[in-house]
There are 2 protein chains.
Amino acid sequence: MKKDKVAPICEIEIVNAKNVKKARKRIADTENILDIAETFKLLGEPTRLKIVMAITECELCVCDLASAMESNISTISHQLRLLRNAKIVKYRKEGKMVYYSADDKHISDIIEIVKEHTKEG
Amino acid sequence: MKKDKVAPICEIEIVNAKNVKKARKRIADTENILDIAETFKLLGEPTRLKIVMAITECELCVCDLASAMESNISTISHQLRLLRNAKIVKYRKEGKMVYYSADDKHISDIIEIVKEHTKEG
DNA sequence: AAAACATTTGTATATTTGTTCAAATGTTTA
DNA sequence: TAAACATTTGAACAAATATACAAATGTTTT
């Protein structure tokens with residue numbers, strides 16, 4: 001057997017077993033990794049990202065949000081449901097109106113960071 | 001015409017014109033909004049997020065990365081290309097080997113923040 | 001030069017998903 | 001109670017995309 005190599009797993013030879021082990025551990029230790037991916041995925045769609053940015057500093061009803069986005073009310077409502085479930089946006093009912101806002105600091109923080117990241121590219 | 005309402009745009013009545021205008025402006029002012037969404041989208045897929053996390057603290061060749069992820073080399077390579085284009089990961093060639101790493105501080109920062117965010121939910 | 005190997009790339013396919021229309025729900029007002 | 005309105009929800013369709021296999025590229029070694 002060659003110097004650093006280890007028995008193959010999944011038919012793949014391992015070159016640096018130590019680093020592979022570390023990587024495996026890092027992934028395994030992140031128990032809510034699917035939830036993290038889900039949050040990123042929700043922000044990774046222009047319509048939804050725009051929704052979040054639109055209601056970052058002031059709340060809007062679904063109707064006005066659709067207007068601001070120049071989009072369909074139904075489309076906005078569908079996307080809002082996804083964002084709501086992930087606790088990325090919150091809402092407040094007032095009669096038949098529903099006002100949405102995105103006051104979660106975490107979310108606006110990461111949007112700012114990614115904004116910086118893409119600017120540099 | 002009713003009190004606060006304004007002429008319809010896209011067949012939608014506007015309730016709070018001031019906030020709609022602010023929202024529109026906030027969206028319009030973010031010139032690279034599609035790039036921002038793209039970065040989020042790339043992190044929003046479990047395979048790619050795991051890749052990034054795997055190589056956050058130590059570099060790995062494609063082969064070992066595939067092993068650590070228990071996945072296909074081709075699949076990993078395809079996803080690495082996307083991550084590379086978005087400057088989320090970088091690589092270093094050494095002969096026929098290619099070592100990938102994700103040392104971008106921005107990226108590990110936002111992953112940590114989202115990790116916190118999802119924990120609270 | 002050829003064999004061996006790591007990685008990349010092209011193609012095809014199955015799955016996911018964003019959007020739209022239509023209908024349903026729930027609230028206010030006449 | 002009925003009409004008007006805001007929002008939600010269901011269903012269907014088109015578009016995007018993650019994955020796998022096969023072939024191509026590029027590098028090292030014999």
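Please read all numbers here as calculations on a predicted model, not as lab measurements. All values below come from the heavy atoms of this structure, side chains included, with hydrogens, waters and symmetry mates left out. By convention in this document, chain letters (A, B, ...) are assigned in the order of the sequence lines, proteins followed by strands, and residues within each chain are numbered from 1.
Between D:dA20 and B:Thr75, a contact under 4.0 Å exists linking OP1 or OP2 to a side-chain N or O. Of the side-chain N and O atoms in A:Tyr100, one or more sit less than 4.0 angstrom from OP1 or OP2 of D:dT8. Residue B:Lys41 places at least one side-chain N or O under 4.0 Å from the OP1 or OP2 atom of D:dT17. In terms of phosphate contacts, B:Lys93 brings no side-chain nitrogen or oxygen within less than 4.0 Å of OP1 or OP2 of C:dT7. Side-chain N/O atoms of A:Arg81 include none lying less than 4.0 angstrom from OP1 or OP2 on D:dT7. The side chain of A:Gln79 contributes an N or O atom lying less than 4.0 Å from OP1 or OP2 of C:dT19.
Of the possible donor and acceptor atoms, none in the side chain of B:Asp104 sits under 3.5 Å from a partner among the backbone N and O of B:Ile88. Formation of a donor-acceptor pair under 3.5 Å by the A:Thr30 side chain with backbone atoms of A:Arg26 is found in this model.
Checking A:Glu38 against A:Gly95, the closest nucleotide of DNA chain C that is more toward the 5' end is the one next to A:Glu38. Positionally, the nearest nucleotide of DNA chain C for B:Tyr99 lies more toward the 5' end than for the other of A:Thr47 and B:Tyr99. Position along DNA chain D of the nearest nucleotide to B:Glu94 versus A:Cys61 favours A:Cys61 as the more 5'-ward residue.
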Report the C-alpha distance between B:Leu49 and A:Phe40 in whole Å, list the side-chain angles of each, state the deciding distance to 0.1 Å, and finish with yes or no for side chain to side chain contact (heavy atoms under 4.5 Å, CB included). CA-CA 9 Å; B:Leu49 182 59; A:Phe40 281 127; 4.3 Å; yes
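Checking A:Arg92 against A:Tyr100 by side-chain atom types alone, no donor-acceptor pair falls below 3.5 Å.
Nearest nucleotide to the side chain of A:Glu45, out of C:dC21, C:dT7, C:dG18: C:dG18.
Stacking of A:His78 onto the six-membered ring of C:dT19 is not present when judged by under 5.5 angstrom between centres and under 30° between planes.
Interface remark: the A:Ser74 side chain does form a donor-acceptor pair with the D:dT9 base, using a distance-only criterion of under 3.5 Å.
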